[in-house]
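Below is one structure, written out as structure tokens; the observations come after it.
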Amino acid sequence: MSLRLFNTLGRSLQEFKPLKANQVGFYGCGPTVYNFAHIGNMRPYVFHDVVTRALRYFGYQVTHVMNITDAGHLTGDDDSGEDKMVKTAIERNKSVMEIAEYYTAAFFKDTAALNVERPTVVCKATEHIAEMIALIQRIEANGYTYFAGGNLYFDVSKFPTYGDFARLRLDDQQASSRIEVDASKKNPYDFVLWFTKSKFEDQALQWDSPWGRGYPGWHVECSAMSMKYLGESFDLHAGGIDHVAIHHTNEIAQSEAATGRKWVNYWLHNEFLVMNAGKMSKSAGGFLTLKSLLDAGYEALDYRYLLLGAHYRSQLTFSYEALDSARSARRSLNERVLALRDKVGQATAPEALQPAALQRLAAFREALENDFSTPQALAELWGVLKEQNLPAADMLGAACEMDRVFGLGLADLKTEIVTVDPAFAAKINTLVQARTVAKQSKDWARADALRDEINTLGVLLEDSPTGTTWKQTARP
RNA sequence: GGCGUCGUACCCAAGUGGUAAGGGAGAGGUCUGCAAAACCUUCAUGCGGCGGUUCAAAUCCGCCCGACGCCUCCA
């Protein structure tokens, strides 16, 4: 089979055909860096990572571009006009750019913990103002704009297919029903390409432009930067489902108005992570960061595993019960892989695998080719680890091969080396010795009493034919 | 009002016409003095409800019930 993906353009499963053989240009919408990212925000980045890894696994050379939105729409969630960047900057006596850098660093710390590979190109909006201005000039030269109330607008009436992407019906829709309509707009769907006046006072970052000093509209950055790094037409663009109606619709209009050609061939949109009560958001509460999960004793990869267990186009309901389940599953996975490694040391190379393992790998590949179905692919990972009569080296080899896409760190697993206080270790060893003596003399009561005592010190005993081992389960 | 999604075992979650993946939890077993760990086995005649199409439906169609997302410079 070949790679098929669900293209928002057409809303159907389509065979993937890149513009250039064996090469893929992929643009994934990046973060807005005016606050910490919550775990729902992290879902698309793990997904983009899987897409990139899977494409590379399939043999494509992938250029993955991600933007950092550090200018242009850095306001609060409640549309109150308060610029949170400015507010935070004043509070901390820092510049706006320092704040952006702070949250950018926090973002990459989270994604790194989640084993998300760094995109090929990471580009900041503030470093591409010239490209944006140049793009807007092209749009203007092609006659798609008008200037009103101090701002340059994109005129959607000049772009007949506007709204086709999101299947909007422009006539009978109450656009922007929840916010005040901008009186300067000819059409409610028109959007700003360049602001010199906005309802927000004191925009922190401003630049000179042919239309006056101001700042770019939000949508422009993705068009300008994607074209700079991937060309005027490219293969893949991904982002959250919420961006279909506005952000991506506008990006398509302005991009194609500028170049006169089709901009993106395939669009991938991920669904949300939701809480029981609904979507996770800052205003609605339930704002969980990756750090809060780490503080609660989970590992970042537990969360990655949880995400891999659901298809990217399905809403995933977050709960600690589900995260516990993911953690248990991943621990078990790690234990199995570690045991295999202890047993054989060397994994079988992919090309030397036995038929049963190759079949699993083929099914794994097929799952990913089917619109990146990580849940099905994960089932194949478990399948190969439980395959009867398959040599351990083959299990290990197949698992490591699959992990190139899963990114669960299976290939790098090491037996955890726990540093234990020597005095504490000596004390435990003495008790264990005493228990061993008791066991040898079949004094079960004393042996059990000693085990209880050891347990209360936060240590778990494991008897085996070769002797008793122990591990710390909690800090004493 | 417009656009869109979902409802599968105790929990998470695949499956898009051919007779219910996987994981977690639970249960049973092997091992063990007993535990623990590990491993093995097991776990939905049924997929929100009612109709319909079909040789065949969780999968297609209709209606109903329920949950949710977007239309805000939230992924």
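Letters A, B, ... mirror the listed sequences (proteins, then strands); counts begin at 1. All of these numbers come straight from a predicted model, not from anything done at the bench.
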Quiz item: Excluding sequence neighbours, so at least two apart, what forms ring-ring contact (aromatic ring centres under 6.0 Å, His included) with A/H248?
Solution: A/H237, A/H243, A/W267, A/H269

Quiz item: In terms of heavy-atom contacts, does CZ of A/R446 have more than 12 from other residues, nucleotides or ligands at under 6.0 Å?
Solution: no

Given atom [atom1] of [X] and atom [atom2] of [N], what is their separation to the nearest angstrom?
X	N	atom1	atom2	value
A/R11	B/rG4	CZ	P	6 Å
A/R313	B/rU16	CZ	C1'	11 Å
A/F165	B/rG2	CZ	P	22 Å
A/F191	B/rU72	CZ	P	14 Å
A/L316	B/rA75	CG	P	17 Å
A/H237	B/rA75	NE2	P	13 Å
A/E271	B/rA13	CD	P	12 Å
A/F318	B/rA75	CZ	C1'	16 Å

Once you apply a heavy-atom cut-off of 4.0 Å, does [X] come out as touching a base, just sugar-phosphate, or nothing?
X	result
A/Q440	nothing
A/S314	sugar-phosphate
A/R336	sugar-phosphate
A/H311	sugar-phosphate
A/H219	nothing

Both distances under 3.5 Å, Watson-Crick or G-U wobble: report the partner of [N], or none.
N	result
B/rG1	B/rC71
B/rC6	B/rG66
B/rA21	none
B/rA38	B/rU30

Quiz item: Mapping A/I246 and A/A322 to their closest nucleotides on RNA chain B, which lands nearer the 5' end?
Solution: A/A322

Quiz item: What nucleotide among B/rA75, B/rG69, B/rA38 has an atom nearest to a side-chain atom of A/T32?
Solution: B/rA75

Practice problem: Counting heavy atoms from C-beta on, name the nucleotide in B/rA13, B/rU41, B/rA75 closest to the side chain of A/T317. | Solution: B/rA13

Exercise. Spell out protein contact along nucleotides 28-36 of chain B as letters: B when the base is contacted, S when just the sugar-phosphate is, - when no protein heavy atom is under 4.0 Å; keep the 5' to 3' order.
Key: -----BBBB

Quiz prompt | A/Y45 versus A/D110, side-chain donor and acceptor atoms under 3.5 Å | solution = no

State yes or no: are the ring centers of [X] and [Y] separated by less than 6.0 Å?
X	Y	result
A/F36	A/Y103	yes
A/Y57	A/F364	yes
A/F191	A/Y153	no

Quiz item: Any donor-acceptor pair under 3.5 Å linking the side chain of A/S332 with the backbone of A/S328?
Solution: no

Interatomic distance at [atom1], [N] relative to [M], whole Å:
N	M	atom1	answer
B/rG1	B/rA20	C1'	40 Å
B/rG23	B/rA14	C1'	11 Å
B/rG49	B/rA67	C1'	15 Å

Practice problem: Provide the closest heavy-atom pair for A/L13 versus A/N370 in the form atom of the first, atom of the second, distance. | Solution: CD2-OD1, 4.0 Å

Polar atom pairs (N or O), protein with nucleotides 20-26 of chain B, under 3.5 Å:
| residue | atom | partner | partner atom | Å |
| --- | --- | --- | --- | --- |
| B/rG23 | OP1 | A/K386 | NZ | 2.6 |
| B/rG23 | N2 | A/S325 | OG | 3.3 |
| B/rG24 | O4' | A/S325 | OG | 3.2 |

Exercise. Verify the contact: side-chain N or O of A/Q315 to OP1 or OP2 of B/rC12, cut-off strictly under 4.0 Å; return yes or no.
Key: no

Self-check item: Derivation and outcome, side-chain hydrogen bond (donor to acceptor under 3.5 Å, both in side chains), residues A/T126 and A/D70
Solution: CA-CA 6 Å; A/T126 50; A/D70 55 357; 2.6 Å; yes

